[in-house]
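This report refers to the structure that appears directly beneath it.
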Amino acid sequence: MVTDVNDSSAGRSVGRVKIRTPDLMLRGMLAVNFALFVLTFIPAFSGIGPGSEPGLADRLWGRVRLDGWRVDVVWVCLSTAAVCVGGLRSAQTPGPRATTTILCRVWLVCFGFYFNYIFVHMLG
């Protein structure tokens with residue numbers, strides 16, 4: 001993916017900057033994680049909430065468990081380790097890398113809410 005970089009002081013386009021493979025991979029992980037984050041709060045998907053009927057995630061991945069945890073929960077937790085590394089980078093220079101770094105940091109905040117929600121509802 002190629003994006004224009006603007007020189008904010010001059011208000012003009014400086015050139016095109018390519019998004020590198022690690023940033024694309026991080027953005028893909030973030031897209032999946034943000035989607036799972038939103039879907040977790042929908043009882044029809046997660047099965048968490050009034051009625052406690054199995055949700056779509058239970059029907060899709062219910063048989064695939066890793067140490068008792070559904071695979072989507074394991075994915076979010078493991079991919080957050082990679083996102084954490086991406087969030088350690090500098091976001092000082094504007095461009096695709098800084099955008100990815102900021103998205104990683106936003107995810108880390110969302111992960112705190114996600115983990116708390118999952119921990120409280122799955123472990124009682």
Side-chain angles (χ1 to χ4, degrees):
M1 179 178 216
V2 178
T3 59
D4 287 332
V5 175
N6 291 325
D7 182 0
S8 59
S9 63
R12 60 186 165 80
S13 178
V14 175
R16 294 193 174 263
V17 176
K18 284 188 167 188
I19 296 180
R20 300 189 189 274
T21 304
D23 288 321
L24 284 175
M25 290 173 37
L26 279 171
R27 287 183 182 197
M29 279 191 265
L30 289 166
V32 171
N33 286 357
F34 281 122
L36 288 172
F37 176 72
V38 170
L39 290 171
T40 297
F41 297 99
I42 301 172
F45 177 80
S46 66
I48 298 173
S52 298
E53 293 182 20
L56 180 61
D58 290 315
R59 290 190 294 270
L60 290 174
W61 304 298
R63 296 185 190 271
V64 181
R65 299 247 177 201
L66 298 170
D67 200 25
W69 293 93
R70 259 189 350 229
V71 72
D72 60 319
V73 176
V74 173
W75 161 263
V76 169
C77 291
L78 291 179
S79 64
T80 297
V83 171
C84 186
V85 171
L88 294 175
R89 303 181 306 177
S90 173
Q92 296 296 323
T93 306
R97 184 175 179 175
T99 303
T100 304
T101 302
I102 292 167
L103 287 171
C104 289
R105 292 175 184 173
V106 169
W107 169 250
L108 293 175
V109 172
C110 291
F111 179 73
F113 290 107
Y114 175 86
F115 188 77
N116 181 49
Y117 187 77
I118 293 297
F119 190 76
V120 166
H121 286 90
M122 288 201 160
L123 295 180

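Heavy atoms only: backbone and side chains are in, while hydrogens, waters and symmetry mates are out.
Linking Ile, Leu, Val, Met, Phe, Trp and Tyr residues whenever their side-chain heavy atoms come within less than 4.5 Å leaves Val109 and Val85 in two separate clusters. Under the 4.5 Å side-chain heavy-atom criterion for Ile, Leu, Val, Met, Phe, Trp and Tyr, Val32 and Val106 are members of the same hydrophobic cluster. No path of Ile, Leu, Val, Met, Phe, Trp and Tyr side chains, each step under 4.5 Å between heavy atoms, connects Ile19 with Met25, placing them in separate hydrophobic clusters. Cluster annotation: Leu88 is not connected to Leu78 through the hydrophobic network of ILVMFWY side chains, with a link wherever side-chain heavy atoms come within less than 4.5 Å.
Taking Phe41 as the reference, Phe37, Tyr117 meet the side chain to side chain contact (heavy atoms under 4.5 Å, CB included) condition, with sequence neighbours excluded. Applying the side chain to side chain contact (heavy atoms under 4.5 Å, CB included) test to Thr100 and every residue at least two apart in sequence or in another chain returns Asp23, Leu26, Arg27, Arg89, Cys104. Scanning for ring pair (Phe, Tyr, Trp, His ring centres under 6.0 Å) contacts around Phe34 gives Trp107, with sequence neighbours left out. Listed by chain and number, the residues in a ring pair (Phe, Tyr, Trp, His ring centres under 6.0 Å) with Tyr114 amount to none (sequence neighbours excluded). Evaluation of the side chain to side chain contact (heavy atoms under 4.5 Å, CB included) rule for Leu66 yields Val74 as partners, not counting sequence neighbours.
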Item to check | Criterion side chain to side chain contact (heavy atoms under 4.5 Å, CB included) on Phe111 and Cys77, from CA distance to verdict | outcome: CA-CA 8 Å; Phe111 179 73; Cys77 291; 4.0 Å; yes

Next on the checklist: Working note: Cys84 + Leu108, criterion side chain to side chain contact (heavy atoms under 4.5 Å, CB included); need CA distance, chi angles, decisive distance, verdict.
Outcome noted: CA-CA 7 Å; Cys84 186; Leu108 293 175; 4.2 Å; yes

Item to check | Derivation of the side chain to side chain contact (heavy atoms under 4.5 Å, CB included) call for Asn33 and Trp75 | outcome: CA-CA 8 Å; Asn33 286 357; Trp75 161 263; 2.9 Å; yes

Next on the checklist: With side chain to side chain contact (heavy atoms under 4.5 Å, CB included) as the criterion, how do Val64 and Arg70 come out once you've worked through the C-alpha distance, each side chain's angles and the decisive distance to 0.1 Å?
Outcome noted: CA-CA 6 Å; Val64 181; Arg70 259 189 350 229; over 6 Å; no

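Across all their heavy atoms, Ala44 and Arg59 have their closest contact at O-NH2, 4.4 Å.
Proximity of a side-chain donor or acceptor of Asp58 to a complementary backbone N or O of Gly55 within less than 3.5 Å is detected.
Counting heavy atoms from C-beta on, the side chains of Val76 and Phe115 never come closer than 4.5 Å.
Judged as a salt bridge (charged side-chain N to carboxylate O under 4.0 Å, His left out), not a single pair has a partner in residues 102-119 (not counting sequence neighbours).
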